[in-house]
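Read through the structure below, which is laid out as structure tokens, and then see the notes.
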Amino acid sequence: MTETKKSFNYWQIRTIVITMVSYALFYFVRKNFSIAMPGLAAEFGISKVSLGLFLTLHGIIYGLSRFVNGFITDRNSARIVLSVGLMLCALANILFGFSDTIAGWIVALANNMGTEWAFTSVLLYFMGIVWVINGYLQGMGVPPCTKTLTQWIHPKELATKMSIWNMSHSIGAGLVFGLCGWYIMPHMGVDMSANAEAVANIASNLNLEVTDPKVLNFAAHYYAWRWCFIIPALFAMAGAIGSFLLWKDSPSDVGLPEIMGEKKAVVRTAEESAEYKAFIRRKVFGNRLIWTLALTNFFVYIVRFAALDWGPTLLTESKGLSLAMATTLCIVFEFIGGNIGMVVAGWATDHIFKNKAHHTCVFCMLGAAASIALFWVIPTGSPWWVMILPFTFIGFFIYGPQALLGIAAANQATNRASATANGILGIFGYASTLISGVGFGYVAQHYGWNGAYIVMLAMAMMGVLSLLTMWSAKADGYDEKEA
């Protein structure tokens with residue numbers, strides 16, 4: 001093996017690892033909200049619809065941000081975009097952690113000025129604004145990773161290696177679930193079980209009797225939700241600094257040859273600008289396959305977020321699990337189901353389906369639908385070991401398309417426009433929170449969890465139908481001379 005090849009392999013592995021760690025830390029300051037949701041409901045009486053609205057607004061802004069930051073990243077340093085975004089996300093989470101204190105200051109100031117403001121209303125507005133800002137900043141995570149990895153990985157290896165990178169989603173979500181659900185919530189709360197008034201308030205907010213075990217459980221975790229935002233933010237800050245110092249955008253930044261043609265400089269002349277705009281129109285905006293992949297992403301993310309964002313609440317309320325056991329199932333869903341599912345789907349794409357990721361995704365979505373149906377029919381109160389296998393298989397099957405749709409879009413748009421194409425997928429993926437967020441919360445609150453399971457199952461089947469419309473498509477959009 002030549003020295004150049006050895007050096008390239010070292011830098012490629014290093015880049016994959018750095019981008020994995022960097023993006024996993026975005027989940028530390030995003031999916032922490034899922035573990036905090038039951039605590040917010042118990043302490044402040046925030047309804048499922050309001051919590052779902054938080055998820056929806058955050059998701060829609062995040063999707064738009066991924067699109068906007070796709071354009072920005074394709075024209076600038078991916079290293080700088082990601083590092084700045086991760087640092088600002090951490091700061092937004094710290095602000096969210098102190099939101100009730102800040103809301104109290106605002107109310108006190110307003111009341112001192114002769115204006116009566118209700119604390120709960122101010123708190124909801126403040127939390128909503130901060131979480132929407134965090135949603136935009138979160139959109140600075142995926143485009144830099146997509147751009148960088150398509151510079152370092154050849155299209156014929158992209159499905160396998162980017163599926164490995166996509167494990168960062170499950171690693172980040174699983175670690176923050178464990179950090180918050182296993183450590184922060186049980187150990188960093190203020191024990192309110194001896195305070196009858198506080199316990200009665202929690203029972204009222206949850207619409208339960210004071211003697212209900214859930215009430216005493218939340219009373220023991222009182223105040224802990226704040227640390228679910230502050231502590232993960234400290235990890236994200238350290239990661240932002242590390243990413244800025246260690247990240248390399250492309251092989252030429254370390255004196256190595258580019259894998260596909262020459263590195264494209266930032267567009268400067270009118271001729272270069274016109275050529276690039278025409279390229280974007282042809283490969284992205286005028287490409288039917290990109291829009292089909294984006295629509296499929298909408299359905300995939302509804303299923304994924306229904307299980308991920310609502311996981312702790314869904315499992316405690318519809319299946320009768322404790323918060324600790326629900327956290328365990330969510331972690332297994334991510335770490336085992338999600339990670340193995342992504343790697344298997346990536347390997348199958350490269351070695352069985354001849355790099356055609358959309359073929360793999362059809363079978364994955366069928367498997368997800370079957371797993372949802374199986375989990376749904378398990379009776380409430382069944383032992384956890386009965387529930388864990390089908391719930392894990394939902395993660396196994398849904399994370400294959402979650403990883404592969406972005407890879408397929410990157411291959412169809414080529415590495416010159418991969419971030420822009422994935423920006424469109426991001427808009428559709430996070431527009432799904434209209435259904436998986438406030439829509440899911442509304443269905444669960446007014447029609448029960450059976451209605452929510454029906455929504456999940458229907459969305460999985462819609463994903464299958466969408467993918468079948470592009471079954472005959474080629475594996476990538478590179479011209480023969482480029483490929």
Side-chain angles (χ1 to χ4, degrees), residues 16 19 66 70 142-143 145-147 149-170 259-260 283-284 287-301 303-304 337-369 395-426 428-429 432 460 462-478 482-483:
I16 292 172
T19 53
R66 276 182 54 170
V142 168
C145 293
T146 302
K147 177 184 177 181
L149 292 170
T150 54
Q151 299 294 333
W152 281 97
I153 303 172
H154 194 278
K156 293 188 179 299
E157 303 175 308
L158 198 61
T160 297
K161 292 184 177 179
M162 275 201 72
S163 292
I164 294 172
W165 173 83
N166 261 282
M167 292 170 64
S168 59
H169 296 73
S170 293
I259 60 169
M260 297 292 289
K283 289 293 188 181
V284 180
N287 190 342
R288 179 187 69 83
L289 300 178
I290 297 296
W291 294 104
T292 302
L293 293 168
L295 179 61
T296 306
N297 211 38
F298 177 81
F299 300 123
V300 167
Y301 269 66
V303 178
R304 179 185 170 221
N339 285 331
I340 295 177
M342 281 186 282
V343 173
V344 170
W347 180 90
T349 298
D350 283 341
H351 295 89
I352 298 175
F353 295 105
K354 299 179 180 179
N355 307 119
K356 293 183 177 180
H358 50 291
H359 286 187
T360 314
C361 291
V362 169
F363 295 100
C364 286
M365 293 305 289
L366 287 170
F396 176 88
F397 286 114
I398 206 61
Y399 269 99
Q402 188 275 331
L404 292 176
L405 292 175
I407 295 167
N411 271 337
Q412 294 296 334
T414 78
N415 60 14
R416 283 191 72 190
S418 59
T420 302
N422 271 274
I424 292 178
L425 264 67
F428 277 74
S432 69
M462 291 298 291
V464 173
L465 295 176
S466 177
L467 287 165
L468 288 176
T469 66
M470 60 175 291
W471 182 266
S472 61
K474 294 194 302 180
D476 62 59
Y478 289 96
E482 291 180 294

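Because the structure is a prediction, the values reported are computed rather than measured.
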Who are the side-chain contact (heavy atoms from CB on, under 4.5 Å) partners of [X], not counting sequence neighbours?
X: I340; value: I336, V344, F396
X: F397; value: A368, S371, F393
X: A357; value: T349, L404, A408

Drop me the distance from I407's CD1 to M342's CE, to the nearest 0.5 angstrom. 10.0 Å
Exercise: identify the closest heavy-atom pair between [X] and [Y]:
X: R66; Y: Y301; value: NH1-OH, 4.1 Å
X: R304; Y: I398; value: N-CG1, 4.2 Å
X: L289; Y: Q412; value: CD1-OE1, 3.5 Å
X: M365; Y: P401; value: SD-CG, 3.7 Å
X: L405; Y: L293; value: CD2-CD2, 3.7 Å
X: A345; Y: C364; value: CB-SG, 4.3 Å

With a cut-off of 3.5 Å and sequence neighbours excluded, list every side-chain donor-acceptor pair involving residues 462-472.
residue : atom : partner : partner atom : Å
S466    : OG   : T296    : OG1          : 2.8
T469    : OG1  : S466    : O            : 2.6

Taking only residues two or more places apart in sequence, or in another chain, which ones meet [X] in a side chain to side chain donor-acceptor pair (under 3.5 Å)?
X: H169; answer: N166, Q402
X: W347; answer: H351
X: N339; answer: none
X: W165; answer: T19

Pairing residues for K356 by the salt bridge (Lys or Arg N to Asp or Glu O under 4.0 Å) criterion, not counting sequence neighbours: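 Per chain and number, K356 pairs via salt bridge (Lys or Arg N to Asp or Glu O under 4.0 Å) with no residue.
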Side chain S432, main chain G429, donor-acceptor under 3.5 Å: yes
Could you label the plane-to-plane angle of the F363 and F353 rings as parallel, tilted or perpendicular, counting under 30° as parallel and over 60° as perpendicular?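 Judged by the thresholds at 30° and 60°, the geometry between F363 and F353 is parallel.
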Let me know which of N297, L295, T146 forms a side-chain contact (heavy atoms from CB on, under 4.5 Å) with L425.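 Among N297, L295, T146, the one meeting side-chain contact (heavy atoms from CB on, under 4.5 Å) with L425 is N297.
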